[in-house]
Structures are given as structure tokens and as C-alpha cells.
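To start, the structure under review is shown below, and the notes come after it.
Naming: A, B, ... by sequence-line order, numbering from 1 per chain. Basis for what follows: all heavy atoms, side chains included, without hydrogens, waters or symmetry-related copies.
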2 protein chains.
Amino acid sequence: MTKYMQIANDIRNNIVKGILKPNDQLPFEKDLCEKYDASKMTVKKALDILVTQGLIVKRRGSGTFVKSISNADMNKLVISNQFRGLTALYSNQKVSSEVLTFEVVPSSEIVRNKLQLENEDFVYNILRVRYVDGAPTVMEHMYMPIALIPGLKRKNATESIYSYIEGDLGYKIQSSHRAISVRKSNELEQSKLKLEVNDPVAVVEQVAYLENGVAFEYSISVHRYDNFLFETVIVI
Amino acid sequence: MTKYMQIANDIRNNIVKGILKPNDQLPFEKDLCEKYDASKMTVKKALDILVTQGLIVKRRGSGTFVKSISNADMNKLVISNQFRGLTALYSNQKVSSEVLTFEVVPSSEIVRNKLQLENEDFVYNILRVRYVDGAPTVMEHMYMPIALIPGLKRKNATESIYSYIEGDLGYKIQSSHRAISVRKSNELEQSKLKLEVNDPVAVVEQVAYLENGVAFEYSISVHRYDNFLFETVIVI
DNA sequence: AAGTGGTCTAGACCACATT
DNA sequence: ATGTGGTCTAGACCACTTC
């Protein structure tokens, strides 16, 4: 654990515990340097983390302040920053999968473009429905280059593909690029996600990258509209 | 313009121009220090910006690499990082507004909670439909404390409320916290956004903050589903 | 063993807000 | 004028990858 992480965590805890309340002014950077026996750059880095997480604001010439946020919203922020994105929303619930398609196919032009593949390259074509506590939640359509992800079996798709990639293959995931859109559900989605005829869906198109900058997954995830929520903080 | 911004911009331009191609290795930090006559910390900060923007990846012990991204996707990344969020999606088009409601009301409990107000505080209650090139696009429901935003008139809502806040009042907006969800449209939305009975909508709930950490706006924006797209980069 | 990026420092100077 | 946070440096040492 780095020093700037320790400082950021400590201050975050003080905010969560209410030792630092909304609109409170934080100690000056120079005082935090003394308190944590750290240099200015290190303290600044710690505070900058809390700024991007949406907890505090900094004003040159004035000081640093806790944002005016309710306890409930503050807790949500802290939780959603511990786990990234949507991933661990269902951490306490049972996640299972029904694999509809698991095959290896030549890459289409769209997939080649997203994954930056050559014409001849083959990809896994995986379609599955994911259940949370037995309720259908997402229909995922994934493409992954077989050259990059060797040895993937239908069984892995039934469980967690990511744990195969990170655990068995020892890869590390660096980032993902997502685009969120909305549309009406089609018949397959209605049947698989137990939706009514005119129910909408949230569509998350994603390209995921490994540590070395190589795209390893292009996926389209179709979410039931009633349990989809994407939260984000934008700092200008 | 800071030195780290100049360095980041220069490298970004090299990527856009194709001087640095997908999967290319960047010069080592130590060489970039020489090239730009900058210290290691400054070069690192420049590169870290490009990492959070999704353009490059860094690997300790190996080097820094351009992500494996198609030209089209790379250009989209660069553009969406120049303007933040959804705001300037319609920069070349005519934006106009139909104001349905413009009144001052006592704050409800939800609004008080989001904006951290006291019981007695009054807020603007503004409902408007925004048109892009004459086509209805978003229905916005905004609440803002009158104490914080004095002198707002119906006329401002017809044009740009943000230009009143940033221009006339001289405030600076620091950040916004957004939650995106999906649902079916209701009758009012169908009529105002020219939607069919069973068309869906994308709902963006937002709390926006000023430089001093004070929440000045709570809004619910209901978007036509066919022109809503939210793109984001998540770095783990 | 050599070289990469990551962290951290002590101190200089700058830009901005308040007094 | 004072004090805040912002930038930048030169150099030390660490963690990791590659050879």
C-alpha cells in the first residue's frame, strides 16, 4: 500500500465516519504533510484521488472542502469507488449463466475493427444469459480472439470467463471502453430475459483491454431495464 | 498551458496523426524527459492523463504502449475527451427550449436531500423540452436553490441556464454526479418528445456542484432513446 | 544485471483568493 | 501582504520485467 493511498483512505474514512462533514474545510496541505509525515506532492496526489472520486473539491487560494453531499449519496460514492463500474454490483448474490452459443468463427469486419485483428483471425462467439439469484438479468454477446485466449471451454462460459482470463491465464485487465445506449427489446431478449413485448433494454457495448494495451474482448451486453443503473462522477 | 498538458497534447497529436500507431511503444520516460526538457514527475503526469483518457497503457518494467484501437475509435476518444460528458454533443447544431414550467416552490424532501438544503429553502422548479435542430431530444426537470442562483428568469431557461450561471453569475462548475437508467416513456414524454406509445427513454439523474463543493442543481433528464449514447473509459 | 515505470522527497517558484 | 493550492525539478530508492 502506497503512502498516498493510505492518506487518501484515511481521509475518506474520516468523511465516512462524519469526522469530516459536508462543507467542512480540510486541513491545509501543509498541515496534512506534517500529520502524515509526507511531502507536498504525496499529499496532493492523495487529495487528487478523492477529487476524482467525487468526495472533495480543491480551490487554489482558499483550501480544500468536503462536497455538500448527503450521507446516503456519500456512502454510495465510496462503495462504487471500491469496486469499479458495474462489476461487483451483485457481489452478495448468486450469479449463474445459461450458455446459448459457444463456437469459434471467423471474425466479422466489425469485430476485426474493434479488436484490431487480421482477416484470417478466428474468435470465440459466445452468447449467454446471466442470472442473479435465479432471475435473468443480462444477455451477453462476447467476441474474443482465440489466439489471445487459448483453451477457453464452454464450461468457463457457464461460470466466470474473467476468472479464467485473470486466474488460469494469469492476465491482468487494464481497462474497458464502454458505450451505453437504449432501445426496445427484441423477441429473443424478451424470451430470455423474461420481458414483456414492449419492454426496453439498456445496451452496453464494451471493448476490454489487457495490461499491454491489446483488446481481448468485444461484447454487447443487453440488460433488463429494471435493474440497470450506471453511476459516474465527472470532474471538469 | 502547463508543461504536462503540452506534453500530453503533443503525444496525443502524434497518436492521432499516426506517427504513433496502435501497439507502438512510446519512447521511455527518460527519453521523453530529454525531448521535452522536463522532469520525470512532469512526464509521468502527462502520460497518466493519456492513460485515463484511454489512449495508452503503461507497464512497469516494460514500457508505455499505444492501445490497440482502430482509427475511428481513437478519434472518438480524443473528441469525447476534449468536451466532457454529453454536453457538447450538439455543438454544431441549433439548440432551443420550450419551457413548460418555471416556478419557485418549497423544496421537497428528495430535493432537500440531493441539494443539502434546510426545510424552509425554496428552489426553482423548471421543466423544459430541449430541441436540437428543431427535433425534440430531451425533457429536463431541474431544481436549483434560489438562494444560490438569484435572479434566474424564464427567459434564461428558454436559452442556456448554464451560461447564466457561468457567465452572468460568474460561477464555475466543478463536477457532476450522474446516474443513468432506462424505463418506458410516459404520456407526457411521448407527447413532448414525439415518441410512440411503447418507446423507451434514457433517464439521467444528475447533481451538479460548484467550485466550492456546494450542490447547485438536481436534475432528471429524459432522453429520446434513439439519440442517446453515453461513452466512458474505465481504468482499473 | 540492467533497465523500465512507480513512489517519495525537499525545496523553488507561480497563480489565485482573501485580508 | 499573506497564505492557499498548482507546477516543476533533481535526485533517491523501490518494484517489476526482461535479458
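- When DNA chain C is scanned in the 5' to 3' direction for atoms under 4.0 Å from non-hydrogen atoms of chain B, the outermost contacting nucleotides are C/dG3 to C/dC8.
- Atom-to-atom, CE of A/Met1 to C1' of D/dA15 comes out at 16 Å; the value is rounded to the nearest Å.
- DNA chain C is contacted by both A/Val43 and B/Glu211; A/Val43 maps to the nucleotide lying nearer its 5′ end (nearest heavy atom per residue).
- Among pairs with a residue in residues 36-65 of chain B, those fulfilling salt bridge (Lys or Arg N to Asp or Glu O under 4.0 Å) read B/Glu29-B/Lys58, B/Lys44-B/Asp48, B/Asp48-B/Lys58, at least two apart in sequence or across chains.
- Checked for salt-bridge contact, B/Asp73 and A/Lys114 meet the test: a charged N lies under 4.0 Å from a carboxylate O.
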Using atom types as modelled, flag every donor-acceptor pair under 3.5 Å from a side chain in residues 16-24 of chain B to any protein atom, sequence neighbours excluded.
unit_1: B/Lys21; atom_1: NZ; unit_2: B/Gly18; atom_2: O; d: 2.7
unit_1: B/Asp24; atom_1: OD2; unit_2: B/Lys21; atom_2: N; d: 2.8

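- The pair A/Glu34-A/Lys30 does not meet the salt-bridge criterion, since no charged nitrogen lies less than 4.0 angstrom from a carboxylate oxygen.
- Looking at B/Ile220 and B/Val203, their side chains come closer than 4.5 Å, going by heavy atoms from C-beta outward.
- Taking OH of A/Tyr218 as the reference point, atom CD of A/Gln116 lies at 13.5 Å (rounded to 0.5 Å).
- The backbone N or O of A/Val207 sits nowhere less than 3.5 Å from a side-chain atom of A/Arg178 that would complete a donor-acceptor pair.
- Side-chain atoms of B/Ile11 and B/Leu26, non-hydrogen and from C-beta on, do get closer than 4.5 Å to each other.
- Crowding of B/Asn71 atom CG: a count of heavy atoms from other residues, nucleotides or ligands under 6.0 Å not exceeding 12.
- Residue contacts shown for A/Asn212 are absent, as no nucleic acid heavy atom lies under 4.0 Å away.
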Please write out each protein N/O paired with an N/O of nucleotides 2-5 of chain D under 3.5 Å, distance rounded to 0.1 Å.
unit_1: D/dT4; atom_1: O2; unit_2: A/Gly61; atom_2: N; d: 3.0
unit_1: D/dG5; atom_1: OP1; unit_2: A/Glu29; atom_2: N; d: 3.4
unit_1: D/dG5; atom_1: OP2; unit_2: A/Glu29; atom_2: N; d: 3.0
unit_1: D/dG5; atom_1: N2; unit_2: A/Arg60; atom_2: NH1; d: 3.1

Which pairs would a plain distance check flag for residues 163-171 of chain A, meaning a side-chain donor or acceptor within less than 3.5 Å of a matching protein atom at least two apart in sequence or in another chain?
unit_1: A/Ser163; atom_1: OG; unit_2: A/Ser160; atom_2: O; d: 3.0
unit_1: A/Tyr164; atom_1: OH; unit_2: A/Pro150; atom_2: O; d: 2.6
unit_1: A/Tyr164; atom_1: OH; unit_2: A/Gly151; atom_2: O; d: 3.1
unit_1: A/Tyr171; atom_1: OH; unit_2: A/Leu148; atom_2: O; d: 3.0

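- Against DNA chain D, the stretch residues 4-11 of chain B makes heavy-atom approaches under 4.0 Å through B/Tyr4.
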